[in-house]
Asker: 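Quick one: structure below, then a few questions.
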Amino acid sequence: IFIADPNYGIAVFDNLGSYLETIPAKGVAFFSFYKDQLIYHTDGKLTLKYIYNQQKKEAKTDLSFGFVLMENNQLFGVTANKLQIFSITY
């Protein structure tokens with residue numbers, strides 16, 4: 001179970017509800033998953049964090065999104081009134 005709290009980060013719990021960790025991602029109110037990666041955008045940075053081995057990939061952006069989604073090598077950046085679609089290779 002993953003719960004976002006913009007004041008603290010993303011709290012992670014196991015399948016029985018026991019607390020495991022807090023991912024330091026202050027300001028994140030929404031996140032998504034793509035395969036085994038947690039994806040979020042905050043402070044001009046896109047973060048993909050592998051949930052099983054804790055590896056992390058980050059990319060700086062000059063864009064601002066309310067939240068991001070990823071599917072089929074496409075990144076969808078959503079704001080209050082706009083959807084931007086980017087093709088990505090990683």
Side-chain angles (χ1 to χ4, degrees):
I1 299 171
F2 294 78
I3 301 173
D5 181 334
N7 296 316
Y8 298 101
I10 301 171
V12 182
F13 301 84
D14 69 11
N15 60 341
L16 298 175
S18 296
Y19 172 79
L20 297 175
E21 68 171 319
T22 298
I23 298 169
K26 288 186 178 181
V28 173
F30 183 87
F31 57 87
S32 63
F33 292 94
Y34 177 68
K35 297 183 182 179
D36 62 345
Q37 298 170 62
L38 176 71
I39 302 166
Y40 56 92
H41 186 271
T42 186
D43 298 328
K45 183 171 54 175
L46 175 67
T47 303
L48 291 82
K49 181 178 174 89
Y50 290 86
I51 59 175
Y52 296 113
N53 65 14
Q54 305 300 313
Q55 290 182 342
K56 185 165 54 170
K57 293 181 181 180
E58 295 179 330
K60 288 187 178 185
T61 68
D62 58 352
L63 304 169
S64 178
F65 302 116
F67 63 91
V68 293
L69 303 168
M70 203 167 120
E71 188 64 40
N72 297 328
N73 292 333
Q74 290 186 313
L75 178 72
F76 300 86
V78 181
T79 63
N81 59 1
K82 188 188 285 188
L83 168 66
Q84 293 181 282
I85 303 172
F86 303 91
S87 294
I88 60 170
T89 305
Y90 71 101

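Numbers for residues simply follow the sequence, beginning at 1. Just so it is clear, the structure is predicted and the values come from calculations on it, not from any experiment.
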Asker: When you measure from the side chain of D43 to the backbone of K45, do you find a donor-acceptor pair of N or O atoms at a distance under 3.5 Å?
Answerer: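 Between the backbone of K45 and the side chain of D43 there is no qualifying donor-acceptor contact (under 3.5 Å).
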
Asker: At their closest point, which heavy atom of E71 faces which heavy atom of Y34, and how far apart are they?
Answerer: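 Distance-wise, the nearest heavy atoms are CA-CE1, 3.8 Å.
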
Asker: Apply side-chain contact (heavy atoms from CB on, under 4.5 Å) to F65 and list each qualifying residue two or more places apart in sequence or on a separate chain.
Answerer: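 Result, side-chain contact (heavy atoms from CB on, under 4.5 Å) vs F65: H41, L63, V68, T79, Q84, F86.
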
Asker: Working to the nearest 0.5 Å, report the span between CD of Q74 and CD1 of I85.
Answerer: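 Answer rounded to 0.5 Å: 6.0 Å.
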
Asker: Does D5, at its CG atom, have more than 12 non-hydrogen atoms belonging to other residues, nucleotides or ligands within less than 6.0 Å?
Answerer: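 More than 12 heavy atoms, drawn from other residues, nucleotides or ligands, come within 6.0 Å of this atom.
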
Asker: If we ignore angles and hydrogens, is there a donor and acceptor under 3.5 Å between the side chains of Q54 and K49?
Answerer: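 Per modelled atom types, Q54 and K49 side chains form a pair under 3.5 Å.
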
Asker: Using the rule that Ile, Leu, Val, Met, Phe, Trp and Tyr join whenever any side-chain heavy atoms are under 4.5 Å apart, tell me whether V78 and V28 fall into a single cluster.
Answerer: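 Different clusters.
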
Asker: Got a second to check how far I23's CD1 is from I51's CD1, nearest 0.5 Å?
Answerer: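 Result: 9.0 Å between the selected atoms.
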
Asker: For the CD1 atom of I1 and the CG atom of D14, what is their distance to the nearest 0.5 Å?
Answerer: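 Between I1 CD1 and D14 CG, I get 8.0 Å after rounding to 0.5 Å.
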
Asker: Measuring from atom CG of L48 to atom CD of Q55, what distance do you get when rounded to the nearest 0.5 angstrom?
Answerer: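 Reported value, rounded in 0.5 Å steps: 12.0 Å.
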
Asker: Mind checking whether F2 and L20 sit in one hydrophobic cluster, side chains of I, L, V, M, F, W, Y counted as touching below 4.5 Å?
Answerer: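 Linked within one cluster.
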
Asker: At their closest point, which heavy atom of F30 faces which heavy atom of G66, and how far apart are they?
Answerer: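 Scanning both residues completely, I find the closest heavy atoms to be CB-O, 4.4 Å.
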
Asker: Please step through side-chain contact (heavy atoms from CB on, under 4.5 Å) for the pair I3 and Y8, ending with a clear verdict.
Answerer: CA-CA 10 Å; I3 301 173; Y8 298 101; over 6 Å; no

Asker: Using a 6.0 Å cut-off, check whether atom OH of Y19 has over 12 heavy atoms from anything other than its own residue.
Answerer: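 Yes, enclosed.
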
Asker: Could you tell me which non-hydrogen atom of K26 sits nearest to which non-hydrogen atom of N7, and how far apart they are?
Answerer: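 Closest approach of K26 to N7, heavy atoms only: CE-O, 3.5 Å.
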
Asker: Nearest 0.5 Å, please: how far is CD in E58 from CG in L46?
Answerer: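 Result: 9.0 Å between the selected atoms.
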
Asker: Taking all non-hydrogen atoms of both residues, which atom of A29 and which atom of A4 are closest, and how far apart?
Answerer: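 Result for this residue pair: O-CB, 3.9 Å.
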
Asker: Under 4.5 Å between side-chain heavy atoms, hopping through other hydrophobics if needed: is there a path connecting F67 to L83?
Answerer: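 Yes, F67 connects to L83 through the hydrophobic network.
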
